[in-house]
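The figures here come from the full heavy-atom set of this structure, side chains too, leaving out hydrogens, waters and symmetry mates.
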Amino acid sequence: MSTGKNTKGYETPNHPYQGERIAEESDLLSRYGLKNKEEFWRAQSELRNMRREARRLLGEAQGDVDAAQDAGAEFVARLRRIGILGDNDDISTVLSLDVTDLLERRLQTVVYRQGFASSTQQARQFIVHGHITVNGARVTRPSVKVDVDDEGAIAFDENSPLADDLHPERAESQE
C-alpha cells in the first residue's frame, strides 16, 4: 500500500445519473474536444479550488476587496497571466467565473481558436502528436494553460510535416 499523497485531482458528481447535468457535460465535452468526463471534472475541481482560495482571502480581509487583493496578489497575478482574469478584474470576480473560462485557456482550445486546426479534436491530435510548439518548445499536453503572453508564440513545429503551408490537413484548416 502506498503512503503517498492522493493523486486524484478531481471529484466526481455526487449523483451518478442526472440527465440535465450529463447533457450539459456532454455538450461541453464535444464543444471543447475533451477526451472524457474526467478532464471536465478536473477543470471543475480547479475552478472550485480557485473560488475557495478567493473566498478564503476575502474572508481573512473581512470582505475588504482591496485588502484581499493585496494579500492574494500572487494568486490574482497568476490568474491574470493565464488570462482567466482581465487587467481590471479584482479578486471578487473569481467567484463569478465559469468552468468555460478555464476551458477557453487550454492549449487545445487556443490552437483551435487561432485557426491552426479545423476542429478542437484536430487541435488535440496535432498537440498530442507533437506538431505544436509554444515559445519554440514542443508541447504534447492539450490541457496546458496558455499564458496570455505566449498566445502569439504558438506555431507548428519546424520539423513537422504540418509546417508546410501546402500540407492537406493544414490547407483545409487555414481558411
| request: Report yes if some heavy atom in the side chain of Y112 is under 4.5 Å from a heavy atom in the side chain of Q114; otherwise report no. | output: no
| task | Mind listing the closest non-hydrogen atom pair of A163 and E158 along with its distance? | result | CB-O, 4.0 Å
| said: Can a donor-acceptor pair be found, under 3.5 Å and without considering hydrogens, that links the side chain of Q108 to the backbone of A123? | reply: no
| So do the side chains of V128 and T140 get within less than 4.5 Å of each other, counting heavy atoms only? | no
| Roughly how far, to the nearest 0.5 Å, is CG of L58 from CG of D64? | 9.0 Å
| message | Under a 3.5 Å distance rule, please check whether E104 uses its side chain to pair with a backbone N or O of T109 as donor and acceptor. | response | no
| message | Could you see if Y10 belongs to whatever hydrophobic cluster contains L97? Use Ile, Leu, Val, Met, Phe, Trp, Tyr and a side-chain cutoff under 4.5 Å. | response | yes
| Can you tell me if S160 uses its side chain to pair, donor with acceptor, with the backbone of H131 under 3.5 Å? | no
| Is a donor on one side and an acceptor on the other found under 3.5 Å between the side chain of S45 and the backbone of W41? | yes
| Do F156 and F126 have side chains that get closer than 4.5 Å, going by heavy atoms? | yes
| Within the distance-only criterion (no hydrogens, no angle test), does the side chain of D70 pair as donor or acceptor with the backbone N or O of A73 below 3.5 angstrom? | no
| query | Is the shortest distance from a Lys or Arg side-chain nitrogen in R42 or E46 to a carboxylate oxygen in the other one below 4.0 Å? | reply | no
| field | K37 side chain reached by L29 side chain, heavy atoms, under 4.5 Å | value | yes
| request: Measure from the side-chain N and O atoms of R21 to the backbone N and O of P16, and report whether any donor-acceptor pair falls under 3.5 Å. | output: yes
| E151 side chain reached by V146 side chain, heavy atoms, under 4.5 Å | yes
| message | Between R81 (side chain only) and D149 (backbone N and O only), is there a donor and an acceptor less than 3.5 Å apart? | response | no
| query | Do E60 and R56 sit within salt-bridge range, that is, some charged N less than 4.0 Å from a carboxylate O? | reply | yes
| Check: R80 side chain, D89 main-chain N or O, donor-acceptor pair, under 3.5 Å | yes
| message | Whether the side chain of R106 engages the backbone of V144 through a donor-acceptor N/O pair (distance < 3.5 Å, no angle test) should be reported. | response | no
| query | Any sub-3.5 Å donor-acceptor pair from E53's side-chain atoms to F75's backbone N or O? | reply | no
| field | Heavy-atom side-chain contact between L102 and M50 under 4.5 Å | value | yes
